[in-house]
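Take a look at the structure below.
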Number of protein chains: 2
Amino acid sequence: MKTPRTIENRYVVEAVVRALDLLEVFREGEELTLTEISQRVGLHKSRVFRLLQSLAARGYVERSADGIRYALGVKLIERAACVRRDLRQLALPFMQHLHTQFNETVNLAILDRQEVLYIEMLESSHPFRMAAAVGSRSPWHSTALGKAIVAHLSEDELHPLLQAERLVKLTERTITDPGQMRRELEKVRRRGYALDEGETEPGAACIGAPIFNHEGRPVAAVSLSGPAERILTNRREIVPALLAACREISRRLGFHQRSVANV
Amino acid sequence: MKTPRTIENRYVVEAVVRALDLLEVFREGEELTLTEISQRVGLHKSRVFRLLQSLAARGYVERSADGIRYALGVKLIERAACVRRDLRQLALPFMQHLHTQFNETVNLAILDRQEVLYIEMLESSHPFRMAAAVGSRSPWHSTALGKAIVAHLSEDELHPLLQAERLVKLTERTITDPGQMRRELEKVRRRGYALDEGETEPGAACIGAPIFNHEGRPVAAVSLSGPAERILTNRREIVPALLAACREISRRLGFHQRSVANV
DNA sequence: AAAAGAGGTTTCATTGTACGAAATATGAAA
DNA sequence: TTTCATATTTCGTACAATGAAACCTCTTTT
């Protein structure tokens, strides 16, 4: 179990990345025994033992009450709270306002490794609602969040995202053709917001708008999501409120140049 | 910079804990340069460089756009989402119900290293509200959350928490005497919920109740917090709703034995 | 009650990795 | 241009991290 030294990992410390890999084997709050973990990662039991001891020493994993199982530790919650703190703290009040105004699920997401990553969320209280989870991912090409961000990337950044084989068909309406996607992104750019009308999930809709940082880069997006009927019928009210919110968040991040959009 | 091997760290891997320590130097979404980090932790620049490369290789830290600074990475958000997943997922709908019912801030917290750690939160939309942050900590002895949990610990677990020097006075009303605290905890146990009437923050109040797991251990607590006037005047309605929620969450965690409380 | 089994912990010798030091590159300021 | 400050790379060496195997501890089987 040895990775050859390449340009990319020339300066990485084996023990550290192996320890970090251990954190990845825990799915959804699983509790695992030493042997299970060592089987999953294919490392020697005694090595895994020592790496786990190290992670446990700093609270990144915890022993279960019976002392026989390991689980992810609360230190992760503490540290995660510090990630993108400025953006999240800034966006949250605006998201809350949208949430009470429309009582739909409000999402804040960024683009990470070609996917949309949800970093903040307020759930609708409707019994019939849509909600992913903070920390989970969605494809960019089927979501309003993703399209809202990608529409404002440079050609260089856009190109790798538009590989046809990456535009996976999730529903009848998912855009899978690079050419069509380019036209869609052009439209998103023109009107300042993106729509997902059942492209991810049949019957579910989403309206998303981008957030720009001080350099004018699209660093995140906010969206409202829910059943297509509710979202689309309220579209005329949602869109201006969402755009105003995103414009103000962008402004506070130091963005000024041209205005974000014209509805 | 060498820590002697003791019983506790006999099996820890130096490189791993040092790497994890690097994650601790980032406060509230700070972006730091290599030199700043190496100064803060007191390790050789070139060592820090390699540890950061390793953390970056797995997404636990990220380079800033200019490539000159490091920040905590989004991988932390992903991994944190898996911590205590069962408890949080189970509690959230009940918290949401309390939130819409009373429109006060609803908190979910656990006891970690003698402190209350907030792991989930729904903020009141009142302009005048109280809200800590997910991932932040409070003393146990001044909060309803803390007292609700601690009241149900065994004498062995309770004893170290009751050291007088640990019961720091935060306001006029904070309980700082171990004997008085024992009587307070007895009361909390009897009525099934805890009150914080300005013991943490003058004018702020909080009502908290414990959640028990399948072994009957108090693993968490839910609370409603806000301005004392609102919280205490609604106490008659809040308490039964909160207790019912906590009882149901506990039941779903596998707790059955005796009922949690009698109001 | 003894034996077997399964998993966790400890010891130990050895190797090769992680380390510090110093050289080199990069980039900003003067 | 030089100077300064910081990041990156190289290199030899010490000792940290490792695999193997022994040794616990607890549960299950006979």
Side-chain angles (χ1 to χ4, degrees), chain A residues 1-23 25-26 30-58 60-73 214-215, chain B residues 1-23 25-26 30-58 60-73 214-215:
Chain A
M1 239 337 130
K2 203 158 277 184
T3 18
R5 295 226 165 263
T6 66
I7 290 294
E8 288 78 37
N9 66 13
R10 202 157 32 135
Y11 296 110
V12 306
V13 177
E14 265 280 313
V16 174
V17 296
R18 283 290 140 78
L20 296 176
D21 287 342
L22 294 187
L23 297 177
V25 311
F26 296 89
E30 273 180 332
E31 302 201 330
L32 303 171
T33 65
L34 174 61
T35 313
E36 284 166 348
I37 297 170
S38 101
Q39 278 163 359
R40 287 203 192 177
V41 296
L43 295 181
H44 196 282
K45 210 172 49 151
S46 112
R47 189 178 185 184
V48 172
F49 175 70
R50 282 176 293 228
L51 296 176
L52 285 170
Q53 292 282 321
S54 314
L55 290 166
R58 292 297 185 266
Y60 290 85
V61 304
E62 289 166 8
R63 315 295 302 257
S64 61
D66 54 4
I68 209 157
R69 282 165 185 282
Y70 294 85
L72 293 178
H214 60 105
E215 295 169 296
Chain B
M1 245 325 140
K2 204 159 278 189
T3 20
R5 295 227 164 263
T6 66
I7 289 293
E8 287 78 36
N9 67 13
R10 202 157 29 138
Y11 296 111
V12 307
V13 177
E14 267 279 314
V16 174
V17 296
R18 284 290 140 79
L20 296 176
D21 287 342
L22 294 187
L23 297 177
V25 310
F26 296 90
E30 273 180 333
E31 303 201 330
L32 303 170
T33 65
L34 175 60
T35 314
E36 284 166 347
I37 298 171
S38 105
Q39 278 163 358
R40 286 203 192 178
V41 296
L43 294 181
H44 196 281
K45 210 173 48 151
S46 115
R47 189 179 186 184
V48 172
F49 175 70
R50 282 176 293 227
L51 296 176
L52 285 171
Q53 291 283 323
S54 314
L55 290 166
R58 292 295 185 267
Y60 290 86
V61 305
E62 288 164 12
R63 315 293 302 256
S64 62
D66 53 3
I68 208 158
R69 284 166 184 280
Y70 295 85
L72 293 179
H214 61 103
E215 295 169 294

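Throughout, a chain's letter reflects where its sequence line sits, starting with A, and its residues are numbered from 1. If you're wondering where the values come from, they're calculated on a predicted model, not measured in any experiment.
Comparing the start and finish of the helix from dA1(C)-dT30(D) to dA30(C)-dT1(D), five pairs each, the helix axis swings through 40°, to the nearest 10 degrees.
What separates NE2 of H44(B) from P of dA16(D) is a distance of 17 Å, to the nearest Å. One can place CD of E14(B) at 12 Å from P of dT18(D), the figure rounded to the nearest angstrom. Between L34(A) atom CG and dG8(C) atom P the separation is 5 Å, expressed in whole Å. The interatomic distance linking Q53(A) (CD) with dG8(C) (P) rounds to 12 Å, in whole Å. Put simply, CD on E36(A) is 15 Å from P on dA6(C), counting in whole angstrom units. Atoms CG (L52(B)) and P (dA18(C)) sit 15 Å apart, rounded to a whole Å. Rounded to whole angstrom, the span from the CD1 atom of I68(B) across to the C1' atom of dA25(C) amounts to 13 Å. The distance between atom CZ of R47(B) and atom C1' of dC15(D), rounded to the nearest whole Å, is 12 Å.
F49(A) is linked by a ring pair (Phe, Tyr, Trp, His ring centres under 6.0 Å) to Y11(B), counting only residues two or more places apart in sequence or in another chain.
Map K45(B) and T33(A) each onto its nearest nucleotide of DNA chain C; the residue landing nearer the 5' end is T33(A). If V48(B) and T35(A) are placed on DNA chain C by their nearest nucleotide, the residue sitting closer to the 5' end is T35(A).
Distance alone, capped at 3.5 Å, places no donor-acceptor pair between the R58(B) side chain and the L20(A) backbone.
Residue-level contact check: R69(B) touches neither bases nor backbone, having no heavy atom under 4.0 Å from any strand.
Side-chain atoms of R69(A) and E36(A), non-hydrogen and from C-beta on, do get closer than 4.5 Å to each other.
No side-chain donor from either of R50(B) and S54(B) sits under 3.5 Å from a side-chain acceptor of the other.
Considering only side-chain N and O atoms, R18(B) lies nowhere under 4.0 angstrom from the phosphate OP1 or OP2 of dA17(D).
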With 3.5 Å as the limit, what N/O pairs link the protein to nucleotides 9-11 of chain D?
unit_1  : atom_1 : unit_2 : atom_2 : d
dT9(D)  : O5'    : Y11(A) : OH     : 3.3
dT10(D) : OP2    : R10(A) : NH1    : 3.0

